[in-house]
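Single-structure report; data block below.
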Amino acid sequence: MDDFSQMIKLLESAKQLADMNQLPMLVYLIEMAKAEARGHRFILRDRRRGQDKHEKVQAAE
């Protein structure tokens with residue numbers, strides 16, 4: 001699973017918890033974090049298990 005999918009699932013779970021506990025400001029901040037993640041989804045989808053592309057290139061050498 002890529003970093004983007006993991007992040008979105010985690011943020012969605014956090015949003016549900018915040019909503020259940022009636023924390024509207026936290027729900028708003030989590031929605032902002034999800035929007036930010038979506039803005040970087042192509043970078044995050046290229047990563048696996050938190051690795052950066054540079055680490056993969058160095059490991060290949």
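Any value given below was found using the heavy atoms of this structure, including those in side chains, with hydrogens, waters and symmetry copies removed.
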Least distance between heavy atoms, Ala37 atom then Ile8 atom: CB-CD1, 4.2 Å

Minimal heavy-atom distance between Asp19 and Val27, with the atoms involved, is N-CG2, 3.6 Å

Quick check for you: to the nearest 0.5 Å, what is the distance between Glu12 atom CD and Leu17 atom CG? 10.5 Å

Return the set of residues passing salt bridge (Lys or Arg N to Asp or Glu O under 4.0 Å) with Glu31 (not counting sequence neighbours), or none when no residue passes. Lys15, Lys34

Output every pair passing side chain to side chain donor-acceptor pair (under 3.5 Å) with a member in residues 35-44, not counting sequence neighbours, ordered by first then second residue. Glu36-His40

Residues in side chain to side chain contact (heavy atoms under 4.5 Å, CB included) with Leu29, at least two apart? Met25

Test side chain to side chain contact (heavy atoms under 4.5 Å, CB included) applied to Leu23 - qualifying residues, sequence neighbours left out: Ala18, Asn21, Leu26

